[in-house]
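Numbering of ligands and ligand atoms starts at 1, following listing order. Sequence positions, counted from 1, serve as the residue numbers for this chain.
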Amino acid sequence: MLRPGSLPASLLAFVLSSHLASAFYLPGITPTNYKIGDLVPLTVNHLTPSQSARDAQIRSVFSFDYYHHAFHFCQPEGGAKDVSESLGSIIFGDRIKTSPFQLQMGVNVTGCQAVCDEVEFEPRDAKFVNRRITQGFNMNWLIDGLPAAQRYLDPNTNTEFYQPGFALGNMVDEKPQLNNHYNIVIDYHQVRKDQYRVVGILVEPASLGQSKRTGTGDDFTATCGTDAPMILEEKLTTHVIWTYSVYWRPSATSFATRWDKYLHVYDPKIHWFSLVNSAVIVFFLIGMVSAILIRTLKKDIKRYNRLDQLGLDDLSGGNEEDGVVEDSGWKLVHGDVFRAPRHSLALAVLVGNGAQLFMMAGCTIAFAVVGFLSPSNRGSLATVMILLYTFLGSIGGYTSSRVYKNFNGTKWKQLFVLTPAALPALVFGVFFLLNLFIWARGSSGAVPFTTMLVILGMWFVITVPLSILGSWLGFKQAQPPPPVRTNQIPRQIPPSTGYLRPLPSMLLVGILPFGAIFVELYFIMSSLWSNRIYYMFGFLFLSYGLLIVTSAAVTILMIYFLLCAENYHWQWRAFASSGASAGYVFAYSLLYWARMLSFSSFTGGLLYLSYSALLSFLWFVMSGTIGFFACWLFVHRIYGSLKID
Ligand SMILES: *[C@@H]1O[C@H](CO)[C@@H](O)[C@H](O)[C@H]1NC(C)=O
């Protein structure tokens, strides 16, 4: 068995994990310097569900605005204001607002400082908040662009790291206790004389039931309560005072490395183990494919061409009596293999969109690996993805029209329109519908209407024209003739048997690419649903490479067997069987639901299922395209080396 601890693996692990996987990024923002006593703004983000510490379950998919009326958090004077955010940050749910906390650089505040006057929780609100505590909701604060975190110890590696977010409350003996006091611990770093920077934030919340407001009118102070926790009564009105204290700790961490302890790589061993395993599978596959390609094909081609010279090229007639062994190989279908498939328009549109998605994913991961997507720029990953998708419309249009031209398509107008419209319309339609559900729940996760308009506008003004331009270029370009002439009359296809039938072949081909990447998929899913920072792009990059190679290799193998069985309908088959890994991805998301998620509401489940189905469909289109083009090259290559007059 391959252990990840073996020398080459650990060497590689060291190089990648210290450079690609976690710590390497270009600081996205210029540092802010503060003097002692300067006000350091604290901004608040939405409340998000998190993985429960008890049973590792995630209990909700909704997030709530910090100033949702039921929470009764203190507002700054004159009301909270929105902090401007990037497009990707809004779409991924960030709702950042100003707060009334007064933090001064280097000035400790001990005891209990009241944030604002006492608030009252009516039974209705108490129920709402208690439910959120039961579901394990986290608060998300930001100071100087850094998230307020709680400290954790990774039991696997015994390293300490900061996990963004801290608990709204705690469950003690099945009873929710509200955290109404925050010990804010800020690490700061001195750069020069009287120039300080924020390099780390921890919040240790506490539930202090007997904190009291003392004094009259505006002239009040708070005193810290002692042991008894703060419990919101669901039958009576409860008075709560929000308090905080601040501790500034001098730190040796520099600004450039302040994110390191946040970007924790969970279970690096598992990553390496799975990567090494996948790599073994992939090498095995490549070995198999190249054995077939090089040995069998060479032999085939030599024999076919020799027979050709002997003037016995009509193999299909059966030349048993001439003493030549009956051939049933892939050569037989040479007159049909370049025949356009059925529904060629749909395939061309799908492949065009797949190419666009493929390029988008590849470029985003490449950007992330070289460190262009700093975590300080919230939402930069999503923003880059959206922008790339928008501008790669040209690639989509070009690809689909080249493929369609190759299929000798005639419905060009439909192709020009459907390529930029079909898939985005589906995605946007589903997104819009789901958004209605989220909005109806009063969750802050609903994307604002204006943002939707911006996305629609970008699509209409940039993607559509670029795609049409791309399609037009592809349409104008001369089409090289196929390596083999296509016969007038289609050849009869013998019925497929065994694993060559459509469904078994899809199931067989799909499982290998999925198997190569499913461990990484797990981490992506947990970061999607439990609001963890995903920053293992080195691993993601390798996994993406493995996905491409595996999909291509297995699909080629399958298509080779298909052609040998004299079935020349390879185009849709290549697309569908390579895309079939999406079926496994969807099944995996169901398994993830069963293992890690426990929604109490119908809409939660519906939302999860719909998003999973949508993502799996995009996955299908993308990985199907990989298989399609791999087989395209393969088929052109092998039939191109035949001598047929
Ligand atoms: C503030 O509190 C921290 C933690 O207790 C302590 O290390 C630091 O010296 C204090 N700073 C000042 C200015 O008192």
Side-chain angles (χ1 to χ4, degrees), residues 31-44 73-74 76 98-116 138-154 158-170 177-214 220-230 241-264 376:
T32 321
N33 294 322
Y34 298 94
K35 293 191 188 61
I36 293 292
D38 278 357
L39 214 57
V40 182
L42 187 160
T43 51
V44 289
F73 291 131
C74 305
T98 54
S99 81
F101 291 90
Q102 300 283 325
L103 309 181
Q104 288 175 296
M105 174 56 84
V107 180
N108 283 354
V109 177
T110 50
C112 286
Q113 171 87 19
V115 193
C116 65
N138 261 355
M139 315 258 280
N140 297 287
W141 290 357
L142 296 162
I143 299 175
D144 195 44
L146 267 189
Q150 270 188 315
R151 201 177 4 209
Y152 284 88
L153 194 74
D154 188 335
N158 223 9
T159 46
E160 192 187 86
F161 67 99
Y162 285 16
Q163 174 146 354
F166 56 93
L168 169 69
N170 304 310
Q177 303 180 349
L178 177 69
N179 289 327
N180 62 329
H181 176 79
Y182 312 109
N183 289 307
I184 307 172
V185 182
I186 308 180
D187 299 323
Y188 68 116
H189 178 73
Q190 179 165 21
V191 217
R192 253 164 256 117
K193 191 174 174 295
D194 213 22
Q195 279 193 352
Y196 299 89
R197 291 170 180 172
V198 177
V199 293
I201 299 136
L202 288 175
V203 173
E204 288 149 12
S207 185
L208 304 179
Q210 289 162 335
S211 290
K212 282 278 169 306
R213 174 195 194 279
T214 47
F220 63 89
T221 50
T223 48
C224 291
T226 42
D227 301 337
M230 180 83 242
I241 186 152
W242 303 107
T243 55
Y244 68 102
S245 50
V246 189
Y247 303 96
W248 295 85
R249 290 192 310 197
S251 161
T253 309
S254 73
F255 188 85
T257 57
R258 64 178 191 162
W259 275 94
D260 290 4
K261 48 189 177 298
Y262 288 89
L263 307 174
H264 178 70
S376 303

**Prompt:** Tell me, which protein residue and heavy-atom name are nearest atom 13 (C) of ligand 1, and how many Å apart are they?
**Reply:** G106 O, 3.8 Å
**Complete:** In F73, W242, W141, the residue satisfying ring-ring contact (aromatic ring centres under 6.0 Å, His included) with F101 is W141
**Proximal atoms of ligand 1 relative to N108 (non-hydrogen, under 4.0 Å)** = 1 (C), 2 (O), 3 (C), 8 (C), 10 (C), 11 (N), 12 (C), 14 (O)
**Prompt:** How about atom 2 (O) of ligand 1: does it have a protein heavy atom within less than 4.0 Å?
**Reply:** yes
**Asked** Pick from H181, E204, Q113: which one makes a side chain to side chain contact (heavy atoms under 4.5 Å, CB included) with S245?
**Response** H181
**Asked** Of all the non-hydrogen atoms in the protein, which one sits nearest to atom 4 (C) of ligand 1, and at what distance?
**Response** Y247 CB, 4.0 Å
**ring pair (Phe, Tyr, Trp, His ring centres under 6.0 Å) assessment of Y196 paired with Y34** = CA-CA 5 Å; Y196 299 89; Y34 298 94; 9.6 Å; no
**Qualifying residues under side chain to side chain donor-acceptor pair (under 3.5 Å), relative to N140, sequence neighbours excluded** = T48
**Request:** Using side chain to side chain contact (heavy atoms under 4.5 Å, CB included) as the criterion, list what pairs up with T43, not counting sequence neighbours.
**Result:** V83, I96, L142
**Prompt:** Considering only protein heavy atoms, which is closest to atom 7 (O) of ligand 1, and at what distance to one decimal place?
**Reply:** W248 O, 4.4 Å
